[in-house]
Peer 1: 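The structure's right below; bear with me while I get my questions together.
As the structure is a computational prediction, the values presented were derived from the model and not from experiment. Throughout, protein chains are lettered first and strands after them, A, B, ... in sequence-line order, and every chain is numbered starting at 1.
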Protein chains: 2
Amino acid sequence: MKRDSRLSGVLHVLLHMAQQPGPFTSETLAKAMDTNPVVIRRIMAGLRDLNYVRSEKGHGGGWTLACDLSKVTLRDVYAALGSPSLLAMGNRTEAPGCLVEQAVNAALDQAFDDAEALLLSRLGEVTLAMLGDDLRKRLGSRKLQGMSAHHA
Amino acid sequence: MKRDSRLSGVLHVLLHMAQQPGPFTSETLAKAMDTNPVVIRRIMAGLRDLNYVRSEKGHGGGWTLACDLSKVTLRDVYAALGSPSLLAMGNRTEAPGCLVEQAVNAALDQAFDDAEALLLSRLGEVTLAMLGDDLRKRLGSRKLQGMSAHHA
DNA sequence: GTTTCATGTAACTTCTTATGTTACATGATG
DNA sequence: CATCATGTAACATAAGAAGTTACATGAAAC
C-alpha cells in the first residue's frame with residue numbers, strides 16, 4: 001500500500017453528504033468514491049461512534065450527518081479514524097540501550113514531533129464547514145467559467 | 001512493515017563510524033546494528049554515490065567517512081536515501097476531476113506541505129557533527145554517572 | 001596466480017498494513 | 001415475511017521495508 005488515504009476518503013464522503021440532505025447508503029457513497037461499500041462503512045464507523053454521523057438500517061436507511069459542521073475540524077475527523085500514524089518514518093528502536101542510537105533518536109524525534117504537531121495544528125484549524133464553503137466557491141467559479149465559455 | 005527506519009539506521013551507522021577511524025566492514029556494522037550486511041550496503045549505497053562515504057573491496061576494505069561532518073545535514077542524508085516519502089498519509093487521488101475531491105485535496109495538501117517543509121527544515125538544521133557532539137556529551141555524562149555511582 | 005576477503009547486486013522471502021471483496025448476521029421498513 | 005441496509009468477520013490483494021541467500025567483481029595477502 002502506498003499511503004493511507006482514509007482521511008482523504010472520509011472527508012470526501014462527508015463533503016458529499018453536506019451538499020444535499022441524506023440519508024445516503026454505503027453503496028451510493030461507494031459508487032461516488034469508486035470503491036466498495038464495506039470500505040465506506042469501515043471508515044465511517046469511528047465517526048458514528050463519536051456521533052458525527054448516524055446510520056440507520058432497513059428501507060430508507062443509510063448515513064446522515066449528525067454534527068455541527070462548523071464545530072468539527074479535520075483533526076477531529078482524523079482522531080475519529082483512530083489517529084493513524086502521520087509520519088512514514090520512525091526510529092529503528094525506541095528506548096534503545098545504545099547511546100549512539102539515543103543520540104540519533106533524540107535528534108530525529110525533535111524534528112518528527114515538531115512536524116507532527118504542526119500537521120495536527122493545521123488540521124485543527126480547518127472545520128468541515130470551511131471545507132464546504134471552499135467547495136461552494138469552486139462550484140460557483142465552475143458555473144461562471146461555463147457561462148463565459150458559453151458567451152465566448 | 002511498520003515504518004521506514006532507513007534514516008534512523010544510516011545515521012546510526014555514520015555516528016558509529018565517526019567515533020573511531022575506519023574502515024568498517026558491512027559485517028561489523030551489521031552486527032552493531034543487529035541486522036544484515038546487505039541491509040548496510042543498501043542504505044549506504046546512496047551516500048557512496050554522493051561521496052559522503054567511500055567503500056573499498058578486498059583485504060582491509062570496508063566503509064570510510066569521506067566528508068566534512070560539519071557540512072552534511074540530516075536532510076542531506078535523507079536525500080541520499082532517495083528522499084522517501086515523509087508522510088504516512090496522502091490524497092486518495094491526485095489531480096481529480098471531482099470538485100469535492102479537489103476541495104479536500106486543497107485543504108489537506110496545505111497541511112501536508114507545511115508539515116513536510118517543517119520537517120525538512122528541521123533536518124537541515126542538524127549536521128552530523130552536531131550529532132557527534134551530542135553523542136560525546138552523552139558518553140561523558142554516562143561516565144560521570146558511573147563515577148558517582150561508584151562514590152555512592 | 002590462487003586463495004581470501006569485502007563490496008555490489010539481483011532475487012527471493014517475510015512482515016506489516018491499507019484496501020478490496022465475499023459472506024453472513026442483525027435489524028428496520030414495507 | 002420479503003427486502004433493504006448496516007455491522008462485521010474473514011479472506012484476498014497490493015505495496016514497500018527489511019531480512020536473507022547466492023553469486024559476480026575486484027583488491028590484497030600469501
Side-chain angles (χ1 to χ4, degrees), chain A residues 1-10 12-13 17 22-49 51-64 66 78 81-93, chain B residues 1-10 12-13 17 22-49 51-64 66 78 81-93:
Chain A
M1 204 64 350
K2 219 173 156 55
R3 293 160 108 187
D4 184 343
S5 65
R6 280 175 293 181
L7 181 56
S8 172
V10 75
H12 192 155
V13 168
M17 290 173 66
F24 304 82
T25 68
S26 301
E27 186 154 2
T28 302
L29 295 171
K31 268 178 191 147
M33 309 263 302
D34 194 39
T35 182
N36 193 289
V38 177
V39 173
I40 301 291
R41 295 190 192 115
R42 206 138 61 187
I43 62 178
M44 296 287 277
L47 280 83
R48 183 190 52 225
D49 295 344
N51 296 313
Y52 294 157
V53 297
R54 214 165 356 104
S55 65
E56 313 268 11
K57 294 180 174 177
H59 277 95
W63 299 91
T64 321
Y78 162 75
L81 291 174
S83 302
S85 47
L86 297 170
L87 299 183
M89 319 189 60
N91 294 323
R92 249 168 38 90
T93 314
Chain B
M1 204 67 346
K2 219 173 157 53
R3 295 161 108 187
D4 184 343
S5 65
R6 280 175 293 181
L7 181 57
S8 171
V10 76
H12 192 157
V13 168
M17 290 174 67
F24 304 82
T25 67
S26 300
E27 186 155 2
T28 301
L29 294 171
K31 269 179 190 145
M33 308 264 303
D34 194 40
T35 181
N36 192 290
V38 176
V39 174
I40 300 293
R41 296 191 191 113
R42 206 139 60 186
I43 62 178
M44 296 288 277
L47 280 83
R48 182 190 53 226
D49 295 344
N51 296 313
Y52 294 159
V53 296
R54 216 166 352 105
S55 64
E56 312 269 10
K57 293 180 176 178
H59 278 93
W63 299 91
T64 321
Y78 162 75
L81 290 174
S83 303
S85 47
L86 296 170
L87 298 183
M89 317 189 61
N91 293 324
R92 250 169 36 91
T93 315

Peer 1: Starting at CD1 of I43(B) and ending at P of dA17(D), how long is that distance when rounded to a whole Å?
Peer 2: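 For the pair I43(B) CD1 and dA17(D) P, the rounded distance is 13 Å.
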Peer 1: Between dA18(C) atom C1' and L81(A) atom CG, what is the distance in whole Å?
Peer 2: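 Rounding to the nearest Å, CG of L81(A) and C1' of dA18(C) are 12 Å apart.
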Peer 1: Are OP1 or OP2 of dG20(C) and a side-chain N or O of T35(A) less than 4.0 angstrom apart?
Peer 2: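 Yes, within the criterion.
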Peer 1: Does a sphere of radius 6.0 Å around CG in D49(A) hold more than 12 heavy atoms from other residues, nucleotides or ligands, not counting ones at 6.0 Å or beyond?
Peer 2: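 Yes, CG of D49(A) has more than 12 neighbouring heavy atoms, counting only those of other groups under 6.0 Å.
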Peer 1: R41(A) and W63(A): side-chain contact (heavy atoms from CB on, under 4.5 Å), yes or no, with the steps?
Peer 2: CA-CA 9 Å; R41(A) 295 190 192 115; W63(A) 299 91; 4.2 Å; yes
Peer 1: Would you kindly give the CZ-to-P distance between R54(B) and dG8(C), to the nearest whole Å?
Peer 2: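 Checked: the CZ to P distance equals 12 Å.
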Peer 1: Give the minimum heavy-atom separation between A88(B) and S85(A), together with the two atoms involved.
Peer 2: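 So the two residues come closest at CB-O, 3.3 Å.
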Peer 1: Between R42(B) and dG16(D), is there a side-chain N or O to OP1/OP2 distance below 4.0 Å?
Peer 2: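 Result: no.
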Peer 1: Taking DNA chain D as the partner, which of residues 84-93 of chain B come within under 4.0 angstrom of it by heavy atom?
Peer 2: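 Those residues whose heavy atoms fall under 4.0 Å from DNA chain D, taken from residues 84-93 of chain B, amount to none.
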Peer 1: Let me know which of T35(B), L47(B), L29(B) forms a side-chain contact (heavy atoms from CB on, under 4.5 Å) with V13(B).
Peer 2: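 Per the side-chain contact (heavy atoms from CB on, under 4.5 Å) rule, the option paired with V13(B) is L29(B), out of T35(B), L47(B), L29(B).
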Peer 1: Does a nitrogen or oxygen in the side chain of S26(A) sit under 4.0 Å from OP1 or OP2 of dT6(D)?
Peer 2: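 Yes, because at least one side-chain N or O of S26(A) sits under 4.0 Å from OP1 or OP2 of dT6(D).
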Peer 1: If we fit an axis to the first five pairs and another to the last five of the helix from dG1(C)-dC30(D) to dG30(C)-dC1(D), what angle do they make, to the nearest 10°?
Peer 2: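 Here the helix ends are tilted 10° relative to one another.
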Peer 1: Of the non-hydrogen atoms in R92(A) and G9(B), which two are nearest, and what is the gap between them?
Peer 2: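 Shortest heavy-atom contact: CD-CA, 3.3 Å.
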Peer 1: Measure NZ/K31(A) against C1'/dA5(D) and give the value in whole Å, please.
Peer 2: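 After rounding, the gap between these two atoms is 13 Å.
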Peer 1: Using atom CE of M44(B) as one end and atom P of dG8(C) as the other, report the distance to the nearest whole Å.
Peer 2: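 That distance rounds to 10 Å.
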Peer 1: Please test L87(B) against L87(A) for side-chain contact (heavy atoms from CB on, under 4.5 Å), starting from the C-alpha separation and ending with a verdict.
Peer 2: CA-CA 4 Å; L87(B) 298 183; L87(A) 299 183; 3.7 Å; yes
Peer 1: Mind listing the closest non-hydrogen atom pair of R3(A) and G90(B) along with its distance?
Peer 2: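 Scanning both residues, the minimum pair turns out to be CB-N, 4.1 Å.
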Peer 1: Would one find a side-chain N or O of S55(B) under 4.0 angstrom from OP1 or OP2 of dA6(C)?
Peer 2: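 No, because none of the side-chain N or O atoms of S55(B) sits under 4.0 Å from OP1 or OP2 of dA6(C).
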Peer 1: Please report, rounded to the nearest Å, how far the C1' atom of dT3(D) is from the CD atom of E27(A).
Peer 2: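 Interatomic distance, CD of E27(A) to C1' of dT3(D): 14 Å.
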Peer 1: Is the phosphate of dA18(C), meaning OP1 or OP2, less than 4.0 Å from a side-chain N or O of S5(A)?
Peer 2: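 Indeed not, no polar side-chain atom of S5(A) lies that close.
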Peer 1: How many Å lie between CG on D34(A) and P on dG20(C), as a whole number?
Peer 2: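 Rounding to the nearest Å, CG of D34(A) and P of dG20(C) are 8 Å apart.
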Peer 1: Check the phosphate of dA18(C) against R3(A), side-chain N and O only, distance under 4.0 Å to OP1 or OP2. Yes or no?
Peer 2: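 No, because none of the side-chain N or O atoms of R3(A) sits under 4.0 Å from OP1 or OP2 of dA18(C).
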Peer 1: For nucleotides 21-30 of chain D, just jot down a letter per nucleotide in 5' to 3' order: B, S or -, based on protein non-hydrogen atoms under 4.0 Å.
Peer 2: B---BBBBS-
Peer 1: Taking all heavy atoms of P23(B) and all of G60(B), pick out the closest pair and write down the distance.
Peer 2: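 So the minimum-distance heavy-atom pair works out to CG-O, 3.3 Å.
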Peer 1: Could you tell me whether a side-chain N or O of Y52(B) sits under 3.5 Å from a main-chain N or O of G46(B), the two making a donor and an acceptor?
Peer 2: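 Between the backbone of G46(B) and the side chain of Y52(B) there is no qualifying donor-acceptor contact (under 3.5 Å).
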Peer 1: Checking S5(A) against S8(A): is there a side-chain donor and acceptor pair closer than 3.5 Å?
Peer 2: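 Absent: no donor and acceptor within the cut-off.
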Peer 1: Using whole Å, what does the distance between atom P of nucleotide dG8(C) and atom CG of L47(B) come to?
Peer 2: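 So the two atoms are 12 Å apart, to the nearest Å.
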Peer 1: Counting only side-chain nitrogens and oxygens, does R48(B) get under 4.0 Å of the OP1 or OP2 atom of dT7(C)?
Peer 2: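 No.
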Peer 1: For residues N36(B) and A30(B), report the shortest heavy-atom separation together with the two atoms involved.
Peer 2: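 N36(B) and A30(B) have their closest heavy atoms at C-CB, 3.6 Å.
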Peer 1: Which pair of heavy atoms, one from V10(A) and one from M44(A), lies closest together, and at what distance?
Peer 2: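 It is CG2-SD, 4.0 Å.
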